[in-house]
Amino acid sequence: MKTQVLQEKLLKWFTENQRDLPWRENYDPYQVWISEIMLQQTQVKTALPYFDRWMKRFPTLKSVAAADEETLLKLWEGLGYYSRVRNIQNTAKLLIEENQGRFPTDFEQLKKLPGIGPYTAAAIASIVFEKNHAVMDGNVMRVLSRLYNFEGNTRLPKNQAILQKMAEELLPHGQARNFNQAMMELGALICTTKKPDCPNCPVQKECLANQLNVQDRLPNRGPAAKKIAIQVAIGILFQDGKIFIQKRPAEGLMPGLWEFPGGRLEKDESPEMALERELHEELSVKLTKIKPFMTLKHAYTKFQVQLHCFTAEIQSGTLSIKAAQEGKWVCLEELQNYAFPAANGLIIKNLVSRLK
Ligand code: SF4
């Protein structure tokens with residue numbers, strides 16, 4: 001009984017309150033897939049301009065498959081988790097070569113595609129093809145934890161499995177598209193992490209957390225994993241009015257992005273010493289005219305990084321690239337043509353405002 005009431009109320013609320021989003025216009029599989037990949041770790045309002053730019057540049061699966069890496073990365077610049085871009089292109093190529101450019105409609109088949117895990121497979125299967133699979137993202141976990149006063153730590157796989165089962169049981173068969181989106185939309189707009197808007201919630205009456213007034217304590221996310229503090233030194237090398245940049249390896253963190261050379265400080269090293277050592281190891285050069293440019297803090301994946309940035313020139317040695325895929329000397333204006341990690345982007349902004 002309660003399940004049916006929840007289903008009806010949530011579906012009605014979604015029909016009346018859903019946001020007008022471009023991938024909802026006709027639920028095209030390609031558009032829904034790109035939106036779902038972009039929305040991992042990113043809010044809708046941030047993803048929207050990226051989505052628009054992407055669709056203008058790559059309106060079809062075929063255009064993504066044929067794209068060059070630089071353009072793909074540039075369009076993704078700022079969204080992070082850059083291996084997603086490579087997976088998008090690999091999936092596009094695979095679908096064109098092996099499936100006449102069509103998406104499989106089956107959850108298990110979708111899950112075999114590069115970069116498509118259980119969440120994205122369930123999202124595509126249900127939102128595009130109306131298959132009866134419940135999606136489970138952060139929004140859905142929060143809504144379910146509160147609706148059912150589920151107190152288990154949602155970071156633990158065993159509790160995620162319990163929530164997944166609850167979501168499958170709550171899913172009205174034949175209406176997976178709207179119901180899954182209703183759960184996610186409710187989490188994004190009403191049942192938010194901080195200050196959920198319970199008085200305006202369509203399922204306030206049925207919500208156990210609301211009845212017990214414990215919504216601020218749920219979901220239980222356990223202790224957050226502590227970030228590892230690291231220090232990094234990087235150098236902006238100048239020569240004949242140009243700046244040196246290098247392309248990160250094709251595998252590992254931020255594959256294929258461009259960056260200024262440098263690396264982590266070792267024990268008892270000053271940032272300047274680390275810069276000299278790193279550039280000697282990576283590029284076989286000795287530096288001169290080393291000057292502090294800026295220091296910034298930022299976080300990525302599990303790291304809390306303090307980034308010490310210097311300007312410098314090459315004193316001796318012939319530059320030879322050992323750690324990167326390739327290197328280039330470019331002028332200030334050309335930097336905008338390349339995709340950089342977020343922290344390097346901030347440094348470039350500073351460089352442009354100081355040097356122009
Ligand atoms: Fe979330 Fe409040 Fe609605 Fe419960 S009543 S689902 S806590 S917004």
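Whatever order the structure lists ligands and atoms in, that order sets their numbers, starting from 1.
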Which ligand 1 atoms, with their elements, are less than 4.0 angstrom from a heavy-atom of [X]?
X: Cys207; value: 4 (Fe), 5 (S), 6 (S), 7 (S)
X: Arg146; value: 7 (S)
X: Gln204; value: 5 (S)
X: Gln215; value: 7 (S)

Contact check: Cys201 to atom 4 (Fe) of ligand 1, N/O/S below 2.8 Å: no

cation_pi(Arg354, Phe293) dist<6.0 Å, angle<=45: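 Ring-cation test returns yes.
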
Is it true that some N/O/S atom of Cys191, main chain or side chain, lies under 2.8 Å from atom 1 (Fe) of ligand 1? yes

Among Tyr50, Trp54, Phe58, the one residue meeting ring-ring contact (aromatic ring centres under 6.0 Å, His included) with Trp76: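 Looking at Tyr50, Trp54, Phe58, the match for Trp76 under the ring-ring contact (aromatic ring centres under 6.0 Å, His included) is Trp54.
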
Checking [Y] against [X]: is there a side-chain donor and acceptor pair closer than 3.5 Å?
X: Thr154; Y: Asn159; answer: no
X: Glu251; Y: Ser83; answer: no
X: Glu36; Y: Tyr119; answer: yes

One pair to check against salt bridge (charged side-chain N to carboxylate O under 4.0 Å, His left out): Glu266 and Arg277. What are the steps and the verdict? CA-CA 10 Å; Glu266 289 184 352; Arg277 176 186 52 74; 3.6 Å; yes

Under 2.8 Å from atom 3 (Fe) of ligand 1, can any N, O or S atom of Cys198 be found? no

